[in-house]
Each structure stands twice: as C-alpha cells, then as structure tokens.
Amino acid sequence: MRVVTTAQPLDVQPTPLALLLLGREADPRSERGVECPGDLPSPSDPDLVERARAAKEKLGDKVFVLGHHYQRDEVIQFADVTGDSFKLARDAAARPEAEYIVFCGVHFMAESADILTGDDQKVVLPDLAAGCSMADMATAEQVAECWDVLTEAGVADQVVPVSYMNSSADIKAFTGRHGGTICTSSNAKRALEWAFEQGEKILFLPDQHLGRNTAVRDMGLTLEDCVLYNPHKPNGGLTAEELRDAKMILWRGHCSVHGRFSVESVNDVRERIPGVNVLVHPECKHEVVAAADHVGSTEYIIKALEAAPSGSKWAIGTELNLVRRLANRFAAEDKEIVFLDKTVCFCSTMNRIDLPHLVWTLESLAEGNLVNRIQVDAETEKFAKLALERMLALP
C-alpha cells in the first residue's frame with residue numbers, strides 16, 4: 001500500500017460563509033443573523049404568557065407588535081395587527097406614536113418597516129437569526145455583477161428592475177437607483193405592466209416563480225419569453241443573444257416553503273379528497289400553479305376562504321402555520337381545509353420568533369434596554385424608499 005504524506009500541514013481556511021453558518025462570524029449586510037444577546041427565558045417556563053402580557057401592558061402605547069401570518073399562534077396572540085409583510089410595514093408607519101415597533105416576522109420585513117417609519121421610531125426583531133432564504137439568494141454584489149453582464153450585452157438601458165417585497169434593503173435600493181419598483185404578490189401584475197411601459201425588459205428579483213407565473217399566467221407572455229439568470233454561473237449562465245431576446249430575466253431564487261409543493265401533491269390531494277379546491281400561492285412552481293384551481297397572495301387566500309360556502313373543501317399551498325390557523329378558524333363553518341403537502345413544512349426562519357424571544361424582547365424594552373434594533377443606513381434607505389414609493393404610486 002502506498003502512503004502519501006505532505007511535508008507541511010495543509011493550509012485550509014474556512015470561507016466567510018462557512019464561519020457565518022458555524023456562528024463564528026457575523027455579516028450585517030446579510031439576512032442571516034448569528035446571535036441573540038441576553039438570556040432567554042426557558043420555553044418550559046409556565047409564566048411566559050403572563051410575562052409577555054405584563055411587559056406589553058407596562059409599555060402601553062410605546063410598543064406596537066406586528067405579527068406576520070406565518071407566525072406561531074403563541075406569538076400571534078400578542079400581535080396588535082396581523083398581515084403580510086407590506087401591510088404590516090404600512091401599519092407600523094401609521095402608528096407614529098409608537099416608539100418601539102416589534103416585528104414578529106423576518107429580517108427583510110423589519111428593514112421595510114424601518115424604511116417606512118419615522119426616524120424617532122425603533123424597529124426591533126426578536127431574533128436576529130430570523131432571516132429569509134429567498135432574500136439571501138440575491139446579494140448586492142451579485143446583482144451589481146448581473147447589471148454589468150446586462151450592460152456588456154448591450155441591454156441594460158432597456159431593462160427595468162422589479163423586486164419582490166421579499167428582498168433585502170440593499171436589493172430594494174438597487175431597484176430604486178435603476179428606475180425600478182417593488183411589488184408584492186398581490187400587485188405583481190400591475191408592477192410588471194408599469195415596468196413594461198418604462199422599458200422593454202424586466203429583471204425580476206429574487207423569486208423566479210412569482211415573476212414567471214405573473215408574466216405567463218397573468219400577462220400572456222410565454223415561457224420562451226423568460227430566461228433564468230443564475231448568479232453562480234459566469235454571465236448568469238446566459239448568452240448575450242438570450243438576454244437580447246428575453247422579455248423577463250428571472251433571478252434564480254425561490255421560497256423554500258412554497259417550492260416544496262409539486263404536481264404530485266396536487267394529484268394526490270384530489271384523489272384523497274374528491275371535490276377539493278386547490279388554492280396555492282404564486283411563489284409555487286409554474287407547473288403547480290397551472291394545476292391548481294385558484295392562485296393568490298396570502299391575503300387572497302384568507303379572503304377566498306372567508307367567502308367559501310359551508311361544506312366546501314380546500315387544499316392550501318402555503319405556510320403551515322397559516323393553513324392550520326385557517327383550518328381551526330373555519331371548522332365551525334364546516335369548511336374542510338388541509339395542507340397541500342403530506343409533509344409538515346413550516347417556514348423555519350419565521351418560526352425562530354417564539355414566545356421566549358418575544359418575552360425577552362418585551363421585558364428588555366420595558367426595562368429601558370433597546371435590543372435587536374434593525375436600522376437601515378441613510379443612503380440605502382433613500383433609494384429603497386424611492387422604489388417603495390413607486391409601488392405605492394401604481395394605479
């Protein structure tokens with residue numbers, strides 16, 4: 001047997017990303033967080049609910065708690081308002097008397113709230129590690145490189161960026177600088193229509209599925225009109241000719257929850273529950289959206305179930321916390337509501353906001369200690385707000 005030795009030890013250095021994932025480094029420009037300062041109360045503490053209630057009562061009007069639809073029930077019970085990310089950011093902006101905005105959601109949502117609220121208001125995220133994998137899939141450096149690729153292909157002056165609300169403040173600022181707008185899953189069609197009035201092509205960030213579904217399903221474009229830009233490949237994996245021919249340049253990003261749903265899930269639930277209505281979020285894959293009966297945003301899903309007749313059956317393709325909450329809410333009306341997939345799938349980062357983190361946050365604020373503040377720098381805020389204002393001005 002031949003043994004190979006080296007005269008010197010291998011000099012293997014961990015990458016910055018590896019250190020970040022190991023919790024040994026921090027990256028303030030990333031959606032990821034790696035630490036939560038302070039001692040959290042035990043999840044088994046029987047007084048957690050009362051402690052949260054007492055701290056919130058002590059803070060009074062100084063605190064405004066926002067709860068995203070995908071949050072746990074134990075957290076939602078303390079929310080002053082619930083909704084999707086943009087609705088909550090707007091609700092926060094409408095409460096200028098609140099000194100503290102506690103955002104029970106994920107990092108990019110808290111950033112948006114900070115952008116839209118007053119300078120004297122402080123936005124707090126109970127767990128800094130509550131990020132968003134989709135938002136992480138488009139970094140400022142990657143998008144700047146993409147714009148260079150578009151410039152070299154001779155098409156940048158024809159391209160209008162449209163960024164999904166589920167993106168970092170950096171990406172929103174890039175969008176604002178380059179004449180683009182933000183969209184939500186509710187107004188994506190209007191945003192794309194506006195963008196096509198400004199230019200010939202759209203760079204859609206960071207969710208490929210929402211961009212593709214809106215363009216093809218809602219606006220009549222074809223799949224051939226869309227190309228997929230992969231930031232991990234040279235030139236995005238595209239030729240200059242492909243970029244010149246495309247109308248929609250889709251970023252290679254997706255939601256880890258909605259991306260799990262498949263056509264097999266749709267077929268299976270139809271076999272198990274005859275007469276079921278399949279209702280999915282537009283972040284699902286194109287083939288899943290095509291196989292569904294209804295497609296819409298989180299708010300659309302809630303309203304559809306509210307309007308549904310008694311005795312109707314629904315399979316919902318969105319985050320499990322919301323589906324389970326809706327199933328319990330409408331059970332008394334004899335509406336059968338099930339999760340589209342057989343596999344349990346919560347949004348793991350959203351679920352980092354739990355009752356111990358909320359209690360720690362509220363008690364810290366009640367004691368005068370500001371924790372986990374999310375603050376967007378002035379330059380980034382300026383251009384991100386510009387992109388958001390363009391969305392608000394959409395007809």
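Since the model is a prediction, treat every value here as computed from it, not as a measurement.
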In chain order, what residues pass the side chain to side chain contact (heavy atoms under 4.5 Å, CB included) check against Ala94, with sequence neighbours excluded? none
Got a sec, which residues hit side chain to side chain contact (heavy atoms under 4.5 Å, CB included) with Asp268, two or more places apart in sequence or on another chain? Arg272, Lys342
Salt bridge (Lys or Arg N to Asp or Glu O under 4.0 Å) pairs, two or more places apart, involving [range]:
range: residues 329-338; result: Glu306-Arg329, Glu333-Lys335
range: residues 210-232; result: none
range: residues 87-108; result: Lys62-Glu99, Lys87-Asp91, Arg95-Glu97, Glu99-Lys122
range: residues 358-368; result: Arg51-Glu363

Main-chain N/O of Thr380 paired with Asp377 side-chain donor or acceptor, under 3.5 Å: yes
Show me the pairs that pass side chain to side chain donor-acceptor pair (under 3.5 Å) and involve residues 383-395, at least two apart or across chains. none
Leu340 to Ala315 - nearest heavy-atom pair and separation: CD1-CB, 4.1 Å
Listed once per pair and sorted, the ring pair (Phe, Tyr, Trp, His ring centres under 6.0 Å) pairs that draw on residues 39-63, sequence neighbours left out: none
Ring pair (Phe, Tyr, Trp, His ring centres under 6.0 Å) partners of residues 119-144, not counting sequence neighbours, each pair once: none
Got a list of side-chain donor-acceptor pairs under 3.5 Å for residues 155-166, not counting sequence neighbours?
residue	atom	partner	partner atom	Å
Ser163	OG	Thr175	OG1	2.6
Tyr164	OH	Glu283	OE2	2.5

Please assess Ser364 against Thr361 for the test side-chain hydrogen bond (donor to acceptor under 3.5 Å, both in side chains), listing each intermediate value before the final yes or no. CA-CA 5 Å; Ser364 296; Thr361 299; over 6 Å; no
When the ring centroid of Phe339 is compared with that of Phe261, is the distance short of 6.0 Å? yes
Kindly indicate, with the supporting measurements, whether the criterion side-chain contact (heavy atoms from CB on, under 4.5 Å) is fulfilled by Leu370 and Leu365. CA-CA 6 Å; Leu370 177 60; Leu365 295 176; 4.0 Å; yes
List the atom pairs, with distances to 0.1 Å, where a side-chain N or O of residues 228-239 and a protein N or O form a donor-acceptor pair under 3.5 Å, not counting sequence neighbours.
residue	atom	partner	partner atom	Å
Asn230	OD1	His232	N	2.9
Thr239	OG1	Glu242	N	3.0
Thr239	OG1	Glu242	OE1	3.4

Run the side-chain donor-acceptor check on residues 297-304: report pairs under 3.5 Å with partners two or more places apart or on a different chain.
residue	atom	partner	partner atom	Å
Ser297	OG	Ser186	OG	3.0
Ser297	OG	Tyr300	N	3.2
Thr298	OG1	Tyr70	OH	3.3
Glu299	OE2	His69	NE2	3.0

Audit row: Arg53, Glu50, salt bridge (charged side-chain N to carboxylate O under 4.0 Å, His left out) steps and yes/no: CA-CA 5 Å; Arg53 185 176 292 116; Glu50 183 54 39; 3.2 Å; yes
Got a second to check how far Asp207's CG is from Asn213's CG, nearest 0.5 Å? 8.5 Å
